[in-house]
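These numbers come from a predicted model, not from an experiment.
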Amino acid sequence: GVSFAWTGPANFVSNLQNPFVGKPGLYTLVITNPVNGCTGTATVTVTQNITPPNVSASGGVKTCSSPLVVLSGNSTTPAVSYSWTGPNGFTSIQQNPSVGFVGTYVLKVTNPVNGCTATASASVSQNITPPSVSATSGTITCTNPLAQITTTSSPQGLTFSWTGPNNFSSNLKNPLVGVSGNYTVIATNPINGCTNTGAVYVNENVTAPFAYAGEDKSLNCYFTSLTINASFSSTGSNFSYLWTTWDGNIISGANTLYPRVDLEGNYTLKVTNTQNGCVDIDSMVVIQSPPVTANISQ
C-alpha cells in the first residue's frame with residue numbers, strides 16, 4: 001500500500017508506479033509507507049537516441065539508348081532500410097532501383113536501432129529528342145558520273161549510315177553515288193542514342209544524242225566543193241556540233257550540221273548534249289573522182 005511520487009525534468013510529476021516520460025534526464029522517486037509515514041528514495045537517468053540516419057540520393061537522365069535510370073541511395077548509418085516512392089505509384093525497397101518515368105523520387109531511410117528516419121529526393125529527367133536530318137542530291141550525267149548527296153542535320157556530332165541501290169552503304173555525311181535511285185540515311189546522336197531517318201532520290205540524265213554524218217559523197221570536176229548533210233542528227237538549242245578531219249583538225253563551219261568541204265577525206269561529226277554532256281560520233285567519207293583522160297590517135 002505504499003504511495004509513489006515521481007519528479008523530473010521540465011517540472012515532471014507523477015503518482016504512477018511506472019510512468020511514461022518524454023524528456024531525458026534525472027528522475028527521482030519517493031516512496032511513502034502510509035502505515036508509519038517512512039519514505040524511501042531512488043533515482044534513475046533516462047537517456048535518448050533520436051539521431052536520424054544520414055541519407056543521400058541521386059537520379060539521372062533517361063535517353064533513347066538508356067531508357068532506364070538507376071537511382072542511387074546511400075547512407076553511412078549501418079543496417080538502415082530503404083524505401084523509395086515516385087511517379088505513377090512507383091515503390092521499391094531496393095537501395096538502387098531502376099526506373100523508367102521522369103519525375104521526382106523520394107527515398108526514406110530507417111535506422112532499425114532507434115527507429116529514426118531521414119529522407120532525400122532524386123530527380124529523373126529525359127533527353128530523347130531525335131536529331132533532324134534531310135538530304136538533297138545532284139544529278140548523274142555523262143560529265144558528272146558521280147552525284148553529290150548533301151545532308152543537312154542538327155545538332156553537331158551526329159553519325160550517319162547510308163544505304164541505297166546495288167548494296168550501297170556509306171558512313172559519310174555527304175557521300176558520292178554513281179547509281180540513280182532511292183537512298184536512305186539514319187542519323188544517330190551519340191549523346192542520347194536517338195535516331196532519325198532521311199531519304200533522297202538521285203536522278204540520272206545520261207541520254208545520248210544521235211549523230212548522223214550523212215552519206216558518203218564525191219568531188220569531181222563539176223563539183224569541186226559540196227555540203228555535207230547531217231540533217232538526221234539530234235537538233236535543238238541544247239545540242240552542239242563539231243566537225244573534224246581524220247587527223248583531228250577542225251574544219252570550216254564545224255559548228256553546223258551542214259559544213260561545206262572541198263577536200264577529200266574522212267569527216268567526223270561529234271554531237272554533244274549540253275544539258276548532260278553526253279556525246280555521239282559518226283563519220284562519212286568524201287572522195288575525189290579521178291579526172292577523165294583523153295587519148296588522141298592518128
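Taking both residues in full, the closest heavy atoms of Asn127 and Val61 are given as N-CG1, 3.8 Å, listed atom of the first, atom of the second, then distance. In this structure, Val179 and Pro165 approach most closely via the heavy-atom pair CG1-CB, 4.0 Å. The two residues Pro87 and Gly103 have their closest heavy-atom pair at CG-CA, 3.9 Å. Across all non-hydrogen atoms, the minimal contact from Cys278 to Ala208 is CB-CA, 3.8 Å. For Lys270 against Val279, the heavy-atom pair with the smallest separation is CE-CG1, 3.7 Å. Heavy atoms only, all atoms of each residue included: Leu176 and Gln148 are closest at CD2-OE1, 3.4 Å.
Environment of CZ in Phe223: sparse, with no more than 12 heavy atoms of neighbouring residues, nucleotides or ligands closer than 6.0 Å. Within 6.0 Å of the CG atom in Leu16, the count of heavy atoms belonging to other residues, nucleotides or ligands exceeds 12. Atom CD of Gln48 has more than 12 neighbouring heavy atoms from other residues, nucleotides or ligands inside a 6.0 Å radius. For Phe101, the CZ atom sits in a loose shell: 12 or fewer heavy atoms of surrounding residues, nucleotides or ligands are nearer than 6.0 Å. Atom CG of Leu29 has more than 12 neighbouring heavy atoms from other residues, nucleotides or ligands inside a 6.0 Å radius.
Judged purely by atom type and a 3.5 angstrom limit, Trp84 uses its side chain to pair as donor or acceptor with the backbone of Gln94. In this structure, the side chain of Asn88 does not engage the main chain of Phe90 through any donor-acceptor pair within 3.5 Å. Under the 3.5 Å distance criterion, the side-chain polar atoms of Asn144 are left unmatched by any main-chain donor or acceptor of Leu146. For Thr110 (side chain) and Pro112 (main-chain N/O), no donor-acceptor pair under 3.5 Å exists by modelled atom type. At distances below 3.5 Å, at least one donor-acceptor pair connects side-chain atoms of Ser289 with backbone N or O atoms of Leu219. Judged purely by atom type and a 3.5 angstrom limit, Glu264 has no side-chain atom pairing as donor or acceptor with the backbone of Ile287. Checked by atom type and distance alone, the side chain of Ser233 pairs as donor or acceptor with a backbone atom of Ala230 at under 3.5 Å. With hydrogens and angles ignored, the 3.5 Å screen pairs a side-chain donor or acceptor of Ser75 with a backbone N or O of Thr77. Remark: side-chain polar atoms of Lys108 are not paired, donor with acceptor, to backbone N or O of Tyr82 under 3.5 angstrom. Listed for the Asn114 side chain is a donor-acceptor partner under 3.5 Å among the backbone atoms of Thr51.
Using a 4.5 Å heavy-atom threshold, the side chains of Thr39 and Ile31 count as separate. Side-chain contact between Thr235 and Tyr241 is present, with at least one heavy-atom pair separated by less than 4.5 Å. Annotation: side chain of Val202 is in contact with side chain of Ile149 (closest heavy-atom distance under 4.5 Å). The closest side-chain heavy-atom distance from Leu158 to Ser153 is below 4.5 Å. At least one side-chain heavy atom of Thr245 sits under 4.5 Å from a side-chain heavy atom of Ile251. Tyr105 places none of its side-chain heavy atoms less than 4.5 Å from the side chain of Thr85. Residues Pro34 and Ser3 form no side-chain contact, since every pair of their non-hydrogen atoms from C-beta on lies 4.5 Å or further apart. A heavy-atom distance below 4.5 Å is found between the side chains of Thr151 and Phe160.
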Practice problem: Would you check, one step at a time, whether the test side-chain contact (heavy atoms from CB on, under 4.5 Å) holds for Val109 with Asn111? | Solution: CA-CA 7 Å; Val109 173; Asn111 185 346; over 6 Å; no

Practice problem: Given side-chain hydrogen bond (donor to acceptor under 3.5 Å, both in side chains), test Ser132 with Ser154 step by step and report yes or no. | Solution: CA-CA 5 Å; Ser132 66; Ser154 67; 2.7 Å; yes

Exercise. Please step through side-chain contact (heavy atoms from CB on, under 4.5 Å) for the pair Leu107 and Val55, ending with a clear verdict.
Key: CA-CA 8 Å; Leu107 170 61; Val55 61; 3.7 Å; yes

Quiz item: Passes side-chain contact (heavy atoms from CB on, under 4.5 Å), Val286 versus Tyr267? Steps please.
Solution: CA-CA 8 Å; Val286 174; Tyr267 293 89; 3.8 Å; yes

Exercise. Could you go through the side-chain hydrogen bond (donor to acceptor under 3.5 Å, both in side chains) check for Asn54 and Thr76 one step at a time?
Key: CA-CA 7 Å; Asn54 66 7; Thr76 59; 2.4 Å; yes

Quiz item: Would Leu269 and Ile281 count as a side-chain contact (heavy atoms from CB on, under 4.5 Å) if you check the C-alpha gap in whole Å, the side-chain angles of each, and the deciding distance to 0.1 Å?
Solution: CA-CA 6 Å; Leu269 169 63; Ile281 295 175; over 6 Å; no

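Looking only at atom types and distance, the side chain of Thr268 has no donor-acceptor partner in the side chain of Thr244 under 3.5 Å away. Using modelled atom types and a 3.5 Å distance limit, the side chains of Thr141 and Thr139 yield no donor-acceptor pair. Inspection of the Asn220 and Ser218 side chains reveals no N or O donor paired with an N or O acceptor under 3.5 Å.
Separation of atoms CG (Asn192) and NZ (Lys62) is listed at 12.5 Å; rounding is to 0.5 Å. Rounding to the nearest 0.5 Å places CG of Leu71 at 10.0 Å from OG of Ser123. How far SG of Cys64 is from CD1 of Ile128: 6.0 Å, rounded to the nearest 0.5 Å. Rounded to the nearest 0.5 angstrom, Thr197 OG1 and Ile186 CD1 are separated by 5.0 Å.
Paired with Phe239 under the rule side chain to side chain contact (heavy atoms under 4.5 Å, CB included), one option of Leu257, Val271, Asp280 passes, and it is Val271. Across Phe4, Phe12, Phe20, a single residue satisfies ring-ring contact (aromatic ring centres under 6.0 Å, His included) together with Tyr27, and that is Phe12.
Cluster annotation: Ile228 and Leu263 are assigned to the same hydrophobic cluster (Ile/Leu/Val/Met/Phe/Trp/Tyr, side-chain heavy-atom contacts under 4.5 Å, transitive). There is a path of hydrophobic side-chain contacts, each under 4.5 Å, that joins Tyr258 to Trp243.
Contacts of Phe210 classified as ring-ring contact (aromatic ring centres under 6.0 Å, His included), with partners at least two apart in sequence or in another chain: none.
For residues 204-216, the set of pairs meeting the side chain to side chain donor-acceptor pair (under 3.5 Å) definition, not counting sequence neighbours, comprises Asn205-Asn276. Residue pairs meeting the side chain to side chain donor-acceptor pair (under 3.5 Å) criterion with at least one partner in residues 161-183, sequence neighbours excluded, are absent.
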